[in-house]
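First up is the structure itself, then whatever we jot down about it.
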There are 2 protein chains.
Amino acid sequence: MAATYKDIRRVTGLSLATISKHFNGGNVLAANRERIEEAVAELGYRVNDVARGLRSRRSMTLGIVLDELNRTFNTTIVSAMEERLRDAGYGTIICDSRGSAEAEDEAIHFLLGKMVDGLVIVPVGSDVPALADAAARGVPVVAVDRPVAGAGTDAVVIDNRAAVAAAVDLLADAGHTAIALLTGPDSWYTMRERRLGFAEAVARRTGRPPRPEHVLPLPVTIEGGFDGMRRLMRLASPPTAVVCGNYEFTLGATIALNELAGEVTPAFVGFDHLDLARVIRPRPSFVVQPVDEIAARAVELILARLSGDAERPPETAVLRADLVVGEASTYERGLS
Amino acid sequence: MAATYKDIRRVTGLSLATISKHFNGGNVLAANRERIEEAVAELGYRVNDVARGLRSRRSMTLGIVLDELNRTFNTTIVSAMEERLRDAGYGTIICDSRGSAEAEDEAIHFLLGKMVDGLVIVPVGSDVPALADAAARGVPVVAVDRPVAGAGTDAVVIDNRAAVAAAVDLLADAGHTAIALLTGPDSWYTMRERRLGFAEAVARRTGRPPRPEHVLPLPVTIEGGFDGMRRLMRLASPPTAVVCGNYEFTLGATIALNELAGEVTPAFVGFDHLDLARVIRPRPSFVVQPVDEIAARAVELILARLSGDAERPPETAVLRADLVVGEASTYERGLS
DNA sequence: TACCCTGAGCAAAACGTTTCGCTCTGTGAG
DNA sequence: CTCACAGAGCGAAACGTTTTGCTCAGGGTA
């Protein structure tokens with residue numbers, strides 16, 4: 001049904017090779033270019049990327065695999081990357097792992113089957129066996145947010161320890177000494193890093209390690225944050241300040257604090273989602289990841305691999321997160 | 001680099017046709033099946049979907065084009081659809097229009113170039129010229145959330161008028177008579193429908209049409225909702241209740257109310273994002289779209305088209321949204 | 001015995017491009 | 001005048017599958 005080169009040949013009388021040249025910037029007489037363009041308009045021709053990809057072994061397409069589509073952090077990065085990639089002539093295919101390692105595996109193989117030229121992945125866990133298949137095919141990979149084990153790949157991460165340490169410093173400067181952290185299992189790279197940064201900063205500022213009951217490893221969900229905050233507030237000696245280890249915890253903790261309204265109001269540092277911060281009163285401080293920069297670096301790394309230097313040793317870019325300070329009243333209330 | 005049928009032929013001595021049969025469920029001797037599987041394991045073979053798609057003219061892949069990736073409404077629907085499509089043997093490619101009609105056009109052509117078998121689209125506007133190209137190629141399309149002009153396509157929408165009317169009824173039942181609506185331009189299908197439903201319901205319950213200054217057409221952004229709510233509250237006679245026409249308005253309006261904290265506290269019905277509702281105190285009522293059902297119907301419609309009945313006249317499924325009632329105090333405060 | 005059917009396999013022709021050689025101009029340098 | 005070379009074009013061979021005919025053996029039916 002759809003028009004092909006053969007239709008253009010029929011209309012223009014030119015050979016397939018010449019037509020191909022026209023679409024790929026070869027030497028074609030201006031007069032012939034025009035005839036081809038006329039035929040294209042007449043036939044409603046569009047180049048078939050599948051055939052092109054098969055023959056040329058380049059799809060000019062990158063795959064993006066997200067651990068979770070429904071996260072502002074991820075979608076923001078995707079938007080930023082797509083724009084840059086488009087400028088470089090690449091299309092993008094987005095896949096959602098929905099937090100499942102199996103789905104992630106399927107997504108990667110789906111994308112390899114589509115002959116993507118490269119892969120950007122926000123991995124579900126630290127182990128992504130399917131990436132070995134990508135490597136075997138010579139498809140370069142950039143990991144974002146978390147590095148992957150085996151370390152054959154480039155990565156872009158933030159300095160999670162420093163980010164949480166800055167939050168602790170802010171709270172300690174406001175006079176807090178009993179500071180808690182809502183965190184997830186150590187098996188998550190970001191959770192582990194944030195916990196380590198937290199422990200170190202608390203020790204540095206207070207002279208002793210955080211109390212074990214103030215460092216809660218929780219299921220990484222809104223409910224986890226909700227339960228965590230409630231448990232903290234019901235301790236015999238509750239913390240006067242709480243750092244949330246990610247967005248889900250921030251949202252869950254906020255809900256918990258609303259439900260406990262008035263009873264307790266610890267100081268509070270959120271994570272990741274500035275829109276949320278604007279809705280909460282008094283406006284809390286937030287750790288904000290430099291999503292634009294993350295996207296820029298990731299694109300830079302993958303494009304570098306694609307344009308030849310496949311042999312450069314894998315590189316991990318470490319970026320700094322910002323601490324956006326909220327309203328002072330938060331901290332004053334935390335101390336009351 | 002990657003293994004092909006030819007490699008399997010080399011190892012097993014079988015013909016390409018037989019190998020193809022094995023991968024597509026034809027008649028192959030058990031012994032030969034085993035030999036092929038061994039070769040596959042040994043070679044790390046994976047079928048090349050690009051070549052397969054080119055030859056068979058079916059990619060077993062659907063394209064999903066979202067007006068805006070970063071919207072919970074969209075990502076939730078995508079997740080639900082992906083799962084169902086996977087069960088039906090289809091892969092999915094997600095593209096983001098970022099609110100731009102040009103990007104949408106590009107995305108559709110990108111997907112057609114990838115030979116997708118069908119398209120699900122949450123359109124940016126009511127006019128999507130690129131869909132004519134899809135039709136010309138025999139690629140079926142299902143529009144979600146908003147129908148597209150020309151109406152050659154199936155669609156799944158909600159009964160926007162009834163949804164907003166239910167919100168108005170709830171507020172009217174609580175005694176409100178001065179009810180406002182934060183809405184967008186009438187050129188947006190959902191915005192127009194919601195405005196019409198609002199006007200009709202207000203007329204029915206109060207005996208007169210809503211006051212013009214209470215029906216604000218705003219830019220569809222968080223800022224729009226923010227400004228809109230502030231303008232409403234500064235009117236000589238401000239409304240005692242406000243219905244938000246979508247998620248952005250809900251978020252913006254919430255921020256505005258937080259900033260005006262104490263001065264005014266109108267009753268308030270939000271839209272779309274139940275997570276947000278749980279964070280706001282007192283918890284407002286929300287119009288919640290049946291995202292799972294929307295996804296299910298959309299998948300049903302596209303699969304039906306793909307399995308033959310291409311000639312069925314286009315169908316528009318209209319689903320009902322739920323009104324999740326919040327805390328009564330919201331309305332009492334609104335009346336104080 | 002003759003017949004037809006089914007299972008199992010093969011060779012070769014697609015699918016719509018790109019790419020590899022090759023030919024044939026015309027042109028400017030030597 | 002010759003030669004080399006670049007511009008412009010062409011035919012044919014890929015790319016990795018599926019699909020279309022075809023062959024052949026075996027077995028059940030009449």
Side-chain angles (χ1 to χ4, degrees), chain A residues 1-36 39-40 43-61 89 91 109-110 112-117 137-139, chain B residues 1-36 39-40 43-61 89 91 109-110 112-117 137-139:
Chain A
M1 186 106 314
T4 73
Y5 277 10
K6 289 180 185 165
D7 298 304
I8 299 181
R9 171 173 64 182
R10 189 165 36 72
V11 173
T12 63
L14 295 165
S15 77
L16 300 183
T18 303
I19 297 168
S20 173
K21 266 193 192 169
H22 170 257
F23 285 108
N24 294 287
N27 284 324
V28 178
L29 280 185
N32 288 336
R33 291 210 112 98
E34 219 164 296
R35 282 163 66 199
I36 294 176
V40 165
L43 296 164
Y45 173 80
R46 292 221 160 238
V47 41
N48 181 328
D49 285 320
V50 172
R52 169 179 284 186
L54 175 61
R55 176 58 234 236
S56 64
R57 315 192 59 59
R58 312 188 58 197
S59 59
M60 292 307 286
T61 300
H109 285 126
F110 173 77
L112 291 177
K114 292 252 174 286
M115 295 181 71
V116 293
D117 296 337
R137 253 148 258 252
V139 174
Chain B
M1 185 105 318
T4 74
Y5 277 9
K6 288 180 186 164
D7 298 304
I8 299 182
R9 170 173 66 182
R10 188 164 36 73
V11 173
T12 64
L14 294 165
S15 77
L16 301 183
T18 303
I19 298 169
S20 173
K21 266 192 191 169
H22 170 258
F23 286 109
N24 294 287
N27 285 323
V28 178
L29 280 186
N32 288 336
R33 291 211 113 97
E34 220 165 294
R35 283 164 65 199
I36 295 176
V40 165
L43 296 164
Y45 174 81
R46 294 223 158 234
V47 42
N48 181 326
D49 285 321
V50 172
R52 171 179 282 186
L54 174 60
R55 176 59 234 237
S56 65
R57 314 191 61 58
R58 310 187 60 199
S59 60
M60 292 306 286
T61 301
H109 285 127
F110 173 76
L112 291 177
K114 292 254 172 282
M115 296 182 69
V116 294
D117 296 337
R137 253 147 260 248
V139 174

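A, B, ... follow the sequence lines: proteins, then strands. Residue 1 opens every chain.
In this structure, B:Met60 atom CE and D:dT17 atom P are separated by 17 Å, rounded to whole Å. Separating the CG atom of A:Leu14 from the C1' atom of D:dA8 is a distance of 11 Å, rounded to the nearest angstrom. Distance B:Tyr45 OH to D:dG16 C1': 7 Å, rounded to the nearest Å. Taking atom CZ of residue A:Arg46 and atom P of nucleotide C:dG16, one finds them 17 Å apart after rounding to whole Å. Put simply, NZ on B:Lys6 is 14 Å from P on C:dA12, counting in whole angstrom units. One can place CD1 of B:Ile36 at 13 Å from C1' of C:dC10, the figure rounded to the nearest angstrom. Atom pair A:Arg58:CZ and C:dG16:P shows a separation of 23 Å (rounding to whole Å applied). Here the P atom of nucleotide D:dG16 and the CG atom of B:Leu43 are 14 Å apart, to the nearest Å.
When side chains are defined from C-beta on, A:Ile19 does not count as touching A:Tyr45, because their heavy atoms never get closer than 4.5 Å. Residues B:Asn24 and B:Arg52 form a side-chain contact, since some pair of their non-hydrogen atoms from C-beta on lies under 4.5 Å apart. Counting only heavy atoms from C-beta outward, the side chains of A:Asn48 and A:Thr4 never approach each other to under 4.5 Å. A heavy-atom distance below 4.5 Å is found between the side chains of A:Lys114 and A:Phe110.
Among the atoms of the strands shown, only primed sugar atoms or phosphate atoms (P, OP1, OP2) are found under 4.0 Å from some heavy atom of B:Thr4. Within 4.0 Å (heavy atoms only), A:Leu29 reaches sugar-phosphate atoms of the nucleic acid but no base atom. Using a 4.0 Å heavy-atom distance criterion, B:Val50 is classed as making no nucleic acid contact.
The one candidate from A:Ile36, A:Val28, A:Leu14, A:Leu16 that meets the side-chain contact (heavy atoms from CB on, under 4.5 Å) condition with A:Lys21 is A:Val28.
B:Met115 CE to B:Leu54 CG: the interatomic distance, rounded to the nearest 0.5 Å, is 6.5 Å. Interatomic distance, OH of B:Tyr5 versus CZ of B:Arg10, reported as 16.0 Å (0.5 Å rounding).
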Below 3.5 Å is the cut-off: list the nitrogen or oxygen pairs between protein and nucleotides 18-21 of chain C, distance only.
{"residue": "C:dT18", "atom": "OP1", "partner": "A:Asn24", "partner atom": "OD1", "Å": "3.4"}
{"residue": "C:dT18", "atom": "OP1", "partner": "A:Asn24", "partner atom": "ND2", "Å": "3.1"}
{"residue": "C:dT18", "atom": "OP1", "partner": "A:Arg52", "partner atom": "NE", "Å": "2.7"}
{"residue": "C:dT18", "atom": "OP1", "partner": "A:Arg52", "partner atom": "NH2", "Å": "3.1"}
{"residue": "C:dT18", "atom": "OP2", "partner": "A:Tyr5", "partner atom": "OH", "Å": "2.4"}
{"residue": "C:dT18", "atom": "OP2", "partner": "A:Ser20", "partner atom": "OG", "Å": "2.8"}
{"residue": "C:dT18", "atom": "OP2", "partner": "A:Asn24", "partner atom": "ND2", "Å": "3.2"}
{"residue": "C:dT18", "atom": "O2", "partner": "A:Arg55", "partner atom": "NH1", "Å": "2.8"}
{"residue": "C:dT19", "atom": "O4'", "partner": "A:Arg55", "partner atom": "NH2", "Å": "3.3"}

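In this structure, A:Asn27 reaches the D:dA8 phosphate: one of its side-chain N or O atoms is under 4.0 Å from OP1 or OP2. Of the side-chain N and O atoms in A:Arg57, one or more sit less than 4.0 angstrom from OP1 or OP2 of D:dG16.
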